[in-house]
Amino acid sequence: MNELLTAEQSGEADLLAAKAGIAGIDLMEAAGKAVADVAKTLTRGPDTRIAVLCGPGNNGGDGFVAARYLRDIGFDVRLFLLGDRNALRGDAAEMARRWPLPVRPASPDALQSMHLVVDALFGAGLSRPLEGAAAELVTAVNASRLPVVAVDVPSGLDGTTGEVRGVAVEARRTVTFFRKKPGHVLLPGRELCGEVIVADIGIPESVLTTLKPDLHENDPALWMKHFNWPKSGGHKYERGHAVVVSGPALQTGAARLGARGALRIGAGLVTLAGNAAATAIMATQVTSVMVRSVSGAAGLAEFLRDTRRNAVLIGPGASVGKDTANDVLATLKSSAAVTLDADALTSFTTSDEGERSDSGMGFLARNGDLSPRAETLFEAIRERSQPVVMTPHEGEFKRLFGVLSGSKVERAREAAKLSGSVVVLKGADTVVAAPDGRAVINSNAPPWLATAGSGDVLSGFVTGLLAQRMPAFEAASAAVWLHGAAAEAFGIGLIAEDLPDVLPGVLRKLQKLNS
């Protein structure tokens, strides 16, 4: 149930169901009943007055059905239509014919003395911003502060991108059908939907074989079979050796957070590597993590020649500039899986002196081509056989990849394809994308995860799983989910140092589910 379908795929699912002998009008009847069932849970009793706002398409048809069911069980239902009843077509027109009471024109006045609103105005396939009477009505719904049950998606929300088209309804609950859409999970859509209920309306699961969705809501079911649980008789060398490259002496904290994350998530050994001044400080701060002094890119390359050191994290606190860029290129020549974060990415968007470009973007020239520095990085990634995972936040992403068009999912996919790496585009709705087009949207990150250093721990989680030889896309997806779960388990007041220490409790619960 964690597949996500675009509005187009959802429409195709309806057509495939029809080919399987399930009439569209039966799907609409089931959808409307599901909406009515959810609406009942928000009523205050039999005296509840419910405004059902219907639009001109199939979403409006669902609304007519919901209104009929709610009326039949005794609620005071008023149905309001945006548009001309005679303009309704197909199944929606038939459901309007079955409505036994007057249909009133939809306007802000429809909300007066109401207790609950069913929003059946526009669905996930909305193709343009709401304006005019539709926008005024949606604005009035939000201003009323009445609880809203939205059909499919809140009106005004793009079901594929999660973006608002002009103005959008703020729903208490949203009832969608068969599978969620990306807009239910991406921000700001996720916040506008409230609680999302996925109703089974009779579309057979077999349609997924034809649709072949490659976008999912992140969930352990997607990567659990690849998770490398400790085994009886196993030893630390089997669980991989992660290396975390430190920055200069006064910037070692980020690398230490990453190293602790890698160790807690199960890497058998972890070594912090840096220059002599940095390692002198780190040696006083760590116990289970080893420390190794290396000199420059050549020294790092020599250290990584030992193939037992099979995963490397570079970037957190590394400092931006030519030296870090050279360290990255040396790392990419090794046989280890590599995680690139923070300064490791930004160092490929700067001048030789370490200054950012005038635009602060650095990736796209005015003619839309890659900058030479970014192309150098991506060529080095594409030439290697071992995986690379990038973990940029939006600022780092824009500096490296420029202003790519499309939704967050589309941008992450394009970046993965361009770079040849698995891209973790971080945020409250983190997207993980692979070069082959697979992607997940993560939805379990609580707001208190937005704290300094949490991204360093995440990159450590990724690297620790790569050290255990988990496939890169699954490792990144697992790390992001576990990161959110650990933050949720700790609760408000979280700081980055708490995440690795909370993780074992999350892993114990996950292991029980897997047993």
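Source: prediction; values computed, not measured.
Counting only distance, with no hydrogens or angles, the side chain of R256 and the backbone of Q285 share no donor-acceptor pair below 3.5 Å. Using a distance-only test at 3.5 Å, with no hydrogens or angles considered, a donor-acceptor pair links the side chain of R384 to the main chain of A336. A donor-acceptor pair is defined here as one N or O able to donate and one able to accept, closer than 3.5 Å; no such pair exists between the side chain of E8 and the backbone of T160. At least one donor-acceptor pair closer than 3.5 Å links the side chain of S144 to the backbone N or O of V141. Under a 3.5 Å cut-off, the side chain of K426 and the backbone N or O of T391 do form a donor-acceptor pair. For T174 (side chain) and C193 (main-chain N/O), a donor-acceptor pair under 3.5 Å exists by modelled atom type. Side-chain atoms of S246 never come within 3.5 Å of backbone atoms of A273 as a donor-acceptor pair (strictly under, hydrogens ignored). For the pair N142 (side chain) and A168 (backbone), a donor-acceptor distance under 3.5 Å is present. Looking only at distances, no side-chain donor or acceptor of R309 sits under 3.5 Å from a matching main-chain atom of L304. Remark: the backbone N or O of L418 is paired with a side-chain donor or acceptor of R382 at under 3.5 angstrom.
Residues A475 and L466 share a closest heavy-atom pair of CB-CD2, 4.0 Å. Taking both residues in full, the closest heavy atoms of V422 and F473 are given as CG2-N, 4.0 Å, listed atom of the first, atom of the second, then distance. Considering all non-hydrogen atoms of both residues, T331 and S334 come closest at O-OG, 2.6 Å. Looking at every heavy atom in both residues, D152 comes nearest to A124 through OD2-N, 3.1 Å. What you find for A487 and W448 is that their closest heavy atoms are O-NE1, 2.9 Å. Counting all heavy atoms, side chain and backbone alike, A297 lies closest to A330 at O-CB, 3.7 Å.
Using modelled atom types, one finds a donor on one side chain and an acceptor on the other under 3.5 Å when comparing T41 with R173.
In this structure, N444 and E488 have side chains that are not in contact, with every pair of non-hydrogen atoms separated by 4.5 Å or more. P316 places a side-chain heavy atom less than 4.5 Å from the side chain of S459. By the 4.5 Å heavy-atom criterion applied to side chains, I265 and Q468 are counted as neighbours. Here the side chains of P220 and W481 are in contact, with some heavy-atom distance below 4.5 Å. For the pair L465/E474, no side-chain contact is recorded, criterion being any heavy-atom separation below 4.5 Å from C-beta on. The closest side-chain heavy-atom distance from E205 to E3 is not below 4.5 Å. No side-chain heavy atom of T430 sits under 4.5 Å from any side-chain heavy atom of N218. The shortest distance between side-chain heavy atoms of D501 and F490 does not fall below 4.5 Å.
Rounding to the nearest 0.5 Å places CZ of R292 at 13.0 Å from CG of L272. Between atom NZ of residue K408 and atom OG1 of residue T161 there is a gap of 13.0 Å, rounded to the nearest 0.5 Å. Put simply, CG on L449 and OG on S454 are 4.5 Å apart, with the number rounded to the nearest 0.5 Å. The distance from the CG atom of N2 to the NZ atom of K180 is 9.5 Å, given to the nearest 0.5 Å. Atom NE2 of residue H393 and atom CG of residue L425 lie 10.5 Å apart, to the nearest 0.5 angstrom. Within the model, atoms CG of L482 and CG of L507 stand 5.5 Å from one another, a figure rounded to the nearest 0.5 Å.
For L250, the CG atom counts as loosely surrounded, since its 6.0 Å shell holds 12 or fewer non-hydrogen atoms of other residues, nucleotides or ligands. Within 6.0 Å of the CD1 atom in I492, the count of heavy atoms belonging to other residues, nucleotides or ligands does not exceed 12. The number of heavy-atom neighbours closer than 6.0 Å to NZ of K225, taken from other residues, nucleotides and ligands shown, is 12 or below.
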- Item | From CA spacing to verdict: side chain to side chain contact (heavy atoms under 4.5 Å, CB included), V245, F303 | CA-CA 11 Å; V245 181; F303 182 59; over 6 Å; no

- Query: Taking it one step at a time, do E170 and R145 satisfy salt bridge (Lys or Arg N to Asp or Glu O under 4.0 Å)?
  - Reply: CA-CA 9 Å; E170 299 167 11; R145 311 312 301 169; 3.4 Å; yes

- Task: Report the C-alpha separation of D429 and R190 in whole Å, then their side-chain angles, then the decisive distance to 0.1 Å, and conclude whether the salt bridge (Lys or Arg N to Asp or Glu O under 4.0 Å) test is met.
- Result: CA-CA 9 Å; D429 55 351; R190 189 167 78 215; 5.7 Å; no

- Query: Does the pair V198 and H184 meet the rule for a side chain to side chain contact (heavy atoms under 4.5 Å, CB included), with working shown?
  - Reply: CA-CA 11 Å; V198 181; H184 293 127; over 6 Å; no

- Just do the side chain to side chain contact (heavy atoms under 4.5 Å, CB included) check on L510 and W229 with the steps written out, would you? CA-CA 10 Å; L510 198 61; W229 297 103; 4.1 Å; yes

- Task: Please lay out, stage by stage, how N228 and R469 fare under the test side chain to side chain contact (heavy atoms under 4.5 Å, CB included).
- Result: CA-CA 8 Å; N228 187 11; R469 299 169 184 85; 5.9 Å; no

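When each of V320, T324, L329 is paired with F348, the side chain to side chain contact (heavy atoms under 4.5 Å, CB included) condition holds for L329 and for no other. The only option from L377, D341, T339 that meets the side chain to side chain contact (heavy atoms under 4.5 Å, CB included) definition with M390 turns out to be L377.
Between F401 and F378, the ring-plane angle classifies as parallel under the 30° and 60° cut-offs.
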